[in-house]
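Quick note: numbers below take in every heavy atom, side chains included, and nothing from hydrogens, waters or symmetry partners. Both counts, for ligands and for their atoms, begin at 1 and track the order of listing.
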Amino acid sequence: MSVGDEPHTASEVTVPEKGLAEVVAAQTAISDIDGKMGILSYCGYDIHDLAQNATFEEVVYLLHHQRLPNQGELDELNEQLTVERDISGFLRDLMGTLAHQTSPMSMLRTSVSAASAYDPDGWDQSAEANYRKAIRLIARAPTLIAYYHRLRSNQEPVPPNEKLPHAANFLAMLIGEEPDQESARALDITLILYADHTMNASTFTARVIASTLADIHSAITGAIAALKGPLHGGANEEAWKMIEEIGEVDRVEPYIKDALARKQKIMGFGHRVYKTEDPRATHLRRLSQELGQRTGEPKWHDVAERVEKVVMDERGLYPNVDFYAATVYHYLGIPTDLMTPIFALARMAGWTAHVREQYADNRLIRPESEYIGPRDQKYVPIEERS
Ligand SMILES: CC(C)(COP(=O)(O)OP(=O)(O)OC[C@H]1O[C@@H](n2cnc3c(N)ncnc32)[C@H](O)[C@@H]1OP(=O)(O)O)[C@@H](O)C(=O)NCCC(=O)NCCS
């Protein structure tokens, strides 16, 4: 037995906090969080600056190239994203089955996995091919979601509109009419806010899969699976269900107090990293308020704001990105069960950037575990076991 193979004793092993809290699992130049100060930045650009000034397409370029594009580079990316929006006949046929039998996140996971077989770059794992695959995944995610939704609700699918940017085109394919500028911009901002978030569970999953040198579609399929859970991406849907169930501002306080007394988690609150306001929530709260006024339905925003106040008073917890995203997406006419898939279509930008970053400087991610079971057991023949 070589020295490296010697079993660790408990005293030699540093056991990380449960859930890998505080463990640095990778180096990245893509995004950064200062949880104490409530700062999120993409490649050095503060999220507030990007949410106010950038488009989602610029952020896609930024995350993948670690710098903002000039006009020519942005035009080229826009062209690539527009050309790649259409989904193949194979995926359209598959959707005919998935639309009536599968939940939206399972559909997205299965479709991305299936798309690997029909990617024009096939099994080419070169850096150039992986960039093209990444752009295709980002371009097609909205089409998959909209196509699925139209089929399941017995409506004609709406083909992608090459004249519209990413967010506006998605709303047009989903709802069947071109959105007004404010709605399209509101969605665009939410996509910017959701585009990346350091080593969250789904990004970590994608990087672990990429570190085995499995293909990018496998890594993104795994990421979507991780995002599906209610403790991660599923929280925006759960937050909306709660706001809808509460229904009226004066019902908020008893509802939240009762839920907390029953040790229930309030979805859309708390965060592993932020110890202060999640900077993304700042923009989503403002968008929620604006959309509430514009749609003549301020009630939902008022309920949400009251929930925020009661949860803060009772537990000192801040809303995270998923809380006001729920009311924003409701105001934009997005069905509840598509709220997490929309998170996924935005995060596709970050996931694919992280996968490419992992490939570019790879080492297999293979942590250790601390064994806590019994030792020195002896095999007992089955007839002698009690
Ligand atoms: C995001 C989240 C998973 C972070 O989890 P974490 O870092 O592992 O923190 P914990 O779940 O251990 O929570 C720490 C304490 O705060 C409480 N807490 C955290 N989030 C809470 C919430 N949303 N509602 C009520 N209590 C909450 C926990 O019950 C725990 O209390 P305890 O120490 O008395 O047991 C957690 O806050 C959560 O489940 N939030 C709701 C789901 C959600 O919105 N997810 C989206 C994240 S962007």
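Distance remark: protein heavy atom present below 4.0 angstrom from atom 43 (C) of ligand 1. For atom 23 (N) of ligand 1, a protein heavy-atom neighbour is present inside the 4.0 Å cut-off.
Checking only distances, Asn320 does come within under 3.5 Å of ligand 1, N or O to N or O. Polar contact with ligand 1: present for Phe269 (N/O pair, distance under 3.5 Å). Polar contact check, Arg280 against ligand 1: no nitrogen or oxygen pair lies under 3.5 Å apart. When only interatomic distances are considered, the shortest N/O to N/O separation between Asp322 and ligand 1 does not fall below 3.5 Å. Polar contact with ligand 1: absent for Ala235 (N/O pair, distance under 3.5 Å). The distance criterion of under 3.5 Å between nitrogen or oxygen atoms is met by Ile266 with respect to ligand 1.
For residues 90-105, every residue pair satisfying the side chain to side chain donor-acceptor pair (under 3.5 Å) rule, not counting sequence neighbours, is listed here: Ser103-Ser106.
Cation-pi geometry between Arg385 and Tyr379 is met: the NZ or CZ atom falls under 6.0 Å from the ring centre, inside 45° of the normal.
Residues Ser288 and Tyr331 have side chains that never bring a donor and an acceptor to within less than 3.5 angstrom of each other. Asp196 and His354 share a side-chain donor-acceptor pair at under 3.5 Å. Inspection of the Glu237 and Thr340 side chains reveals an N or O donor paired with an N or O acceptor under 3.5 Å. For His283 and Arg280, the side-chain atoms include no donor-acceptor pair closer than 3.5 Å.
Of the charged side-chain nitrogens involved, none lies within less than 4.0 Å of a carboxylate oxygen, so that Lys309 and Glu314 do not count as a salt-bridged pair.
The protein atom (non-hydrogen) at minimum distance from atom 45 (N) of ligand 1 is Leu231 O, 3.1 Å. Protein heavy atom closest to atom 10 (P) of ligand 1, with residue, atom name and distance, is Lys265 NZ, 3.9 Å.
For His330 and Tyr324, the gap between ring centers reaches or exceeds 6.0 Å.
Judged by the shortest distance from any of its heavy atoms, His232 lies inside the 4.0 Å radius around the atoms of ligand 1. Within the 4.0 Å heavy-atom cutoff, His271 counts among the residues contacting ligand 1. Put simply, part of Gly268 is less than 4.0 Å from ligand 1, judged by heavy atoms.
Applying the under-4.5 Å side-chain rule to Ile, Leu, Val, Met, Phe, Trp and Tyr, the cluster around Leu20 extends to Val23, Met199, Phe204, Val208, Ile365.
With distances taken over non-hydrogen atoms, the option nearest atom 1 (C) of ligand 1 out of Gly233, Gly270, Gly229 is Gly270.
With a 4.0 Å heavy-atom cut-off, ligand 1 is reached by no atom of Val311.
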